[in-house]
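Reading through the structure tokens given below for one structure.
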Amino acid sequence: MAMKDLSTGPDWIVWVVFVILVAISAILLSGHGANLIAGYNTAPKEKKEKYDEKKLGRVIGTGLLAIAILFPFAVLGQTLLPACVAYAFLGFIIIDSIVMIILANTICKK
């Protein structure tokens, strides 16, 4: 079974998500847009002062960029790659998200 057998939607949706993730990553990696980070934008001012905003943006931006890079491989390789690769991609996304949370709560604090 190939990844194509698991796909039920059009491929253009994946490309739109890819472009959105890359754009958000670029904004965060440039040191701006920390208000795009869920939880940080709703935190009170006292909690926001405990975090280095630029480091936080870089950590989350790098994590999103790593996830975004998977999307073209999933679309372009869906006829060649076995279906189990989709589960590997999912595992990578989960592990990447956990690493982003851990780094945001350790190295991004002042």
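For the single chain, residues carry numbers from 1 onward in sequence order.
Listed here is the closest heavy atom pair of K110 and E49: CD-O, 3.4 Å. The two atoms that bring G61 and S25 nearest to each other are O-OG, 3.3 Å, heavy atoms only. Shown here for A104 and V59, the closest heavy-atom pair between the two residues is N-CG1, 4.3 Å. Across L21 and A68, no two heavy atoms sit closer than the pair CB-CB, 3.7 Å.
Of the listed residues (V22, V19, V14), just one forms a side chain to side chain contact (heavy atoms under 4.5 Å, CB included) with F71, and that residue is V14.
Under the side-chain contact (heavy atoms from CB on, under 4.5 Å) criterion, A66 pairs with F92, D96, sequence neighbours left out. Considering only residues two or more places apart in sequence or on other chains, N105 meets the side-chain hydrogen bond (donor to acceptor under 3.5 Å, both in side chains) condition with Y51. Every side-chain contact (heavy atoms from CB on, under 4.5 Å) that V16 has, sequence neighbours left out, goes to W12, I20. Scored by the side-chain contact (heavy atoms from CB on, under 4.5 Å) test, I94 finds L90, I98 as partners (sequence neighbours excluded). Remark: A23 pairs with no residue by the side-chain contact (heavy atoms from CB on, under 4.5 Å) rule, at least two apart or across chains.
Note on F73: it clusters hydrophobically with F18, by side-chain heavy-atom contacts below 4.5 Å among ILVMFWY residues. A single hydrophobic cluster is not seen to contain both I93 and I102; linkage of ILVMFWY side chains at heavy-atom distances under 4.5 Å, directly or through other members, places them apart. Hydrophobic clustering (side-chain heavy atoms under 4.5 Å, transitive across Ile, Leu, Val, Met, Phe, Trp, Tyr) groups V99 together with I107. Both L64 and I69 are assigned to one and the same hydrophobic cluster, defined by single-linkage of ILVMFWY side chains at heavy-atom distances under 4.5 Å.
Separating the CD1 atom in I67 from the OG atom in S97 is a distance of 4.5 Å, to the nearest 0.5 Å. To the nearest 0.5 Å, the span separating OG1 on T42 from NZ on K48 amounts to 8.0 Å.
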Kindly list each side-chain donor-acceptor pair under 3.5 angstrom involving residues 32-40, sequence neighbours excluded, with atom names and distances?
from: H32; atom 1: ND1; to: S30; atom 2: O; distance (Å): 3.3
from: H32; atom 1: ND1; to: S30; atom 2: OG; distance (Å): 3.2
from: Y40; atom 1: OH; to: E53; atom 2: OE1; distance (Å): 3.1

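L56 is not listed as a side-chain neighbour of D52, based on a closest heavy-atom distance of 4.5 Å or more.
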